[in-house]
J.: 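Input: one structure, supplied below.
Here the structure is a predicted model, which is why all the values come from computation and not from measurement. Because only heavy atoms are used, hydrogens play no part in the values below, and waters and symmetry mates are left out as well, while side chains stay in. Below, chain A is the first sequence line, B the second, and so on; all start at residue 1.
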Amino acid sequence: MKIERPRGTRDFLPEEMEKRRAVEKKLREIVESYGYREVATPTFEHSELFKIKSGEGIVEEMYVFEDKSGRELALRPELTAPIMRFFVNDCSSLPRPIRFYYFGNCFRYERPQKGRYREFWQFGVELIGSDSYLADAEVISLADKMLKSLNIEYELHIGHVGILRSALSLLGDKASKVMRLIDKRDEEGLESYLNELGVEEDLKDKIKAIMNLKGGREIIEDAKRITDYNFHYIEKLLDIIDSLGIKYTLNLGVARGLDYYTGIVFEFYAKDLGAQKQICGGGSYELAQLFGGVRTPATGFAIGFDRVCELIEAKTKRKAVIVVVYFKGFEKIAFEVAEDLRNSGFIVVVDVMERNLKKQLSYANDINADFALIVGEEEIRKEEFSVKDLRSGEQISIPKEDLTTFLHVRLKR
RNA sequence: GCCCGGAUGGGGUAGCGGCUAUCCUCUGGGACUGUGGAUCCCAGGAGGCGGGUUCGAAUCCCGCUCCGGGCCCCA
């Protein structure tokens, strides 16, 4: 019986892995150039960790299981909570700010779709310890630079939950539900809930007006007419973003249903990616106190690694491959020569199917090898090798001692 | 959880109630033990699963699974 791959998971062929590794490498180079250093946390955690962050409802969307001692564990659905847990437990005395980055697989039990899988990879950063606009500016510009480096077409939307929060401050603990309704853009639900709470027309109009504030930087002036909120922080942030030449849309109606978001929130959307077009999301938040630590400001983002990979055309350049082909009886020498070449830094393949020369060459051609090195009686007698350039068909004899130099020179081109 | 479309060798397909299931590609071998891509020959390999209708089902019907698109959700 054939075993199918579990729903929502993927296998990756060498070509795909090469592309993924190339993307990964590029992202790493950029975050590291900003001084971020990689951390890793376990693939599974106590499910409590994620429940504290996101509420009981998240259990439905996680792979939750009990281990043999009856502990309730969950495969991580994201990496911010584990990293903040790690920070609270072991990193609280590192000099601030702390710059961490991560790249890891996450799991969510959801209906798979284009760009949505049950196992997926996130590449993200957390900048911990600063509540300055400068931290947000750094993180946004870093995210922008990473996506830009991949030549993806995208839009950046920047929002701030503070404006709506302050407008809703009169509602006390009912504010969270209102935020959730705004987040969902559920206008009917919002209207009826505000009526239920007995909110005055004035405030209702104000909320709706803020919700719809979206556009260029000039909408801050509109916002100032609606609310007496202090836009100083946002303006200073945008000064930096503007001076870096980063394009964005301001969206002051962006809400987050969860209370730990404290200020700036931002999202990157790719064109041509269907329903799952968000390729990166982030913002400033305070989670440390929820995990038993001291209240600590942080800001970060996560890039949907699989989604950005889907947007990029494969253009990996493979390292050259040399195939040692040999006649029957020369297996030992073929293996020795191959080993010498590998030690000199080449990728070398030797036939292990006991096939004839013709088949071996045919195989070399099928795998797009660059050179064939022929080992036979003649070569041994003359102490030289026949090297065939499979790309041109040209074949020449090279004295044994000149072989590695020759190959190095030829492969440089 | 909801709505729509789909599923035939490893990949791409034809057949749409009746021969041993078509063709291309692929993989292995041979022609061919000193030279690849070509050609020819041989071999391998398939109707997602379960039930029903029928003399007979890949084909029609039902359920499930999985895949694709959308909704919900997206911590």
J.: Is the terminal nitrogen or CZ of R118(A) (NZ for Lys, CZ for Arg) located under 6.0 angstrom from the six-membered ring centre of F107(A) and within 45° of that ring's axis?
T.: no
J.: Both distances under 3.5 Å, Watson-Crick or G-U wobble: report the partner of rG44(B), or none.
T.: rC26(B)
J.: Which residues pass the salt bridge (charged side-chain N to carboxylate O under 4.0 Å, His left out) test with R10(A), not counting sequence neighbours?
T.: D306(A)
J.: If I take atom CG in residue N368(A) and atom C1' in nucleotide rG37(B), what distance separates them, rounded to the nearest angstrom?
T.: 11 Å
J.: When the C1' atoms of rU22(B) and rG45(B) are compared, how many Å lie between them, rounded to an integer?
T.: 15 Å
J.: Check whether F12(A) forms a cation-pi arrangement with R20(A) (NZ or CZ under 6.0 Å from the six-membered ring centre, at most 45° off the ring normal).
T.: yes
J.: Rounded to the Å, how far apart are E60(A) CD and rC72(B) C1'?
T.: 14 Å
J.: P atom, rG69(B) versus rG12(B): distance in rounded Å?
T.: 16 Å
J.: Ignoring hydrogens and geometry, is there a side-chain-to-backbone donor-acceptor pair from R7(A) to R111(A) under 3.5 Å?
T.: no
J.: Using the C1' atoms only, state how far rU8(B) lies from rU13(B), rounded to an integer number of Å.
T.: 9 Å
J.: With both distances kept under 3.5 Å, what pairs with rG36(B), Watson-Crick or G-U wobble?
T.: none
J.: Taking ring-ring contact (aromatic ring centres under 6.0 Å, His included) as the definition, give me every residue that meets it alongside F291(A), ordered by chain and number, with sequence neighbours left out.
T.: none
J.: Under 3.5 Å for both donor-acceptor distances, Watson-Crick or wobble: does rA7(B) have a partner, and if so which one?
T.: rU65(B)
J.: Applying side chain to side chain donor-acceptor pair (under 3.5 Å), run through E72(A) and S47(A) and close with a yes or a no.
T.: CA-CA 6 Å; E72(A) 193 188 273; S47(A) 60; 2.3 Å; yes
J.: Would L213(A) and L250(A) satisfy side-chain contact (heavy atoms from CB on, under 4.5 Å), going step by step from the backbone distance to the final call?
T.: CA-CA 8 Å; L213(A) 282 171; L250(A) 257 193; over 6 Å; no
J.: At a cut-off of 3.5 Å, list every protein nitrogen or oxygen paired with a nitrogen or oxygen from nucleotides 32-34 of chain B, distance to 0.1 Å.
T.:
residue, atom, partner, partner atom, Å
rG34(B), O6, E377(A), N, 3.1
rG34(B), O6, E378(A), N, 2.6
rG34(B), N1, E379(A), OE1, 3.1
rG34(B), N2, E379(A), OE2, 2.6

J.: Quick test: give all pairs of protein nitrogen or oxygen and nucleotides 64-68 of chain B nitrogen or oxygen below 3.5 Å, distance rounded to 0.1 Å.
T.:
residue, atom, partner, partner atom, Å
rC67(B), OP1, G8(A), N, 3.0
rC67(B), OP2, R7(A), NE, 2.6
rG68(B), O6, R111(A), NH2, 3.1

J.: Taking atom P in both rA7(B) and rC61(B), what distance in whole Å separates the two?
T.: 13 Å
J.: What pairs of nitrogen or oxygen atoms, one from the protein and one from nucleotides 24-28 of chain B, lie under 3.5 Å apart?
T.:
residue, atom, partner, partner atom, Å
rG28(B), OP1, R355(A), NH1, 3.2

J.: Find the distance L13(A):CG to rG11(B):P and express it as a whole number of Å.
T.: 11 Å
J.: Can you tell me how far P of rG36(B) sits from CG of D370(A), to the nearest Å?
T.: 18 Å
J.: Under 4.0 Å between any heavy atoms, over every strand shown, what does Y285(A) touch: base, sugar-phosphate, or nothing? Just pick one.
T.: nothing
J.: Between the side chains of E29(A) and K26(A), is the shortest nitrogen-to-carboxylate-oxygen separation below 4.0 Å, so that they form an ion pair?
T.: no
J.: Could you please name the partner base of rC72(B), counting Watson-Crick and G-U wobble pairs only when both distances are under 3.5 Å?
T.: none
J.: Under 3.5 Å for both donor-acceptor distances, Watson-Crick or wobble: does rU20(B) have a partner, and if so which one?
T.: none
J.: Using the C1' atom as the reference point in each nucleotide, state the distance between rG9(B) and rG48(B) in Å, no decimals.
T.: 14 Å
J.: If you measure from the C1' atom in rG56(B) to the same atom in rC19(B), how many Å do you get, rounded?
T.: 13 Å
J.: Would you call K19(A) and E16(A) a salt bridge, using N to O less than 4.0 angstrom?
T.: no
J.: In whole angstrom, give me the gap between the C1' atoms of rG47(B) and rC16(B).
T.: 12 Å
J.: Calculate the interatomic distance between L361(A) atom CG and rG36(B) atom C1'; express it in whole Å.
T.: 5 Å
J.: When we call it a touch if two heavy atoms are under 4.0 Å apart, what does G329(A) touch: a base, just sugar-phosphate, or nothing?
T.: nothing
J.: Given atom CD of Q278(A) and atom P of rC73(B), what is their separation to the nearest angstrom?
T.: 14 Å
J.: Answer syn or anti for rG47(B), where the cut-off is 90° from 0 on the glycosidic torsion.
T.: syn
J.: Who pairs with F123(A) by ring-ring contact (aromatic ring centres under 6.0 Å, His included), at least two apart in sequence or on another chain?
T.: Y101(A), F103(A)
J.: Taking atom P in both rU59(B) and rG52(B), compute the distance separating them and give it to the nearest angstrom.
T.: 14 Å
J.: Between atom CZ in F371(A) and atom C1' in rG36(B), what is the gap in whole Å?
T.: 15 Å
J.: Using only atom types and a distance under 3.5 Å, with no angle test, would you say the side chain of R76(A) pairs donor to acceptor with the backbone of P42(A)?
T.: yes
J.: Measure the acute angle between the ring planes of Y36(A) and Y34(A), then classify it against the limits of 30° and 60° as parallel, tilted or perpendicular.
T.: tilted
J.: Applying the Watson-Crick and G-U wobble criteria at under 3.5 Å, what pairs with rG56(B)? Answer none if nothing qualifies.
T.: none
J.: Could you check Y326(A) against E379(A) for side chain to side chain donor-acceptor pair (under 3.5 Å), going step by step and ending with a plain yes or no?
T.: CA-CA 10 Å; Y326(A) 56 93; E379(A) 284 75 15; over 6 Å; no
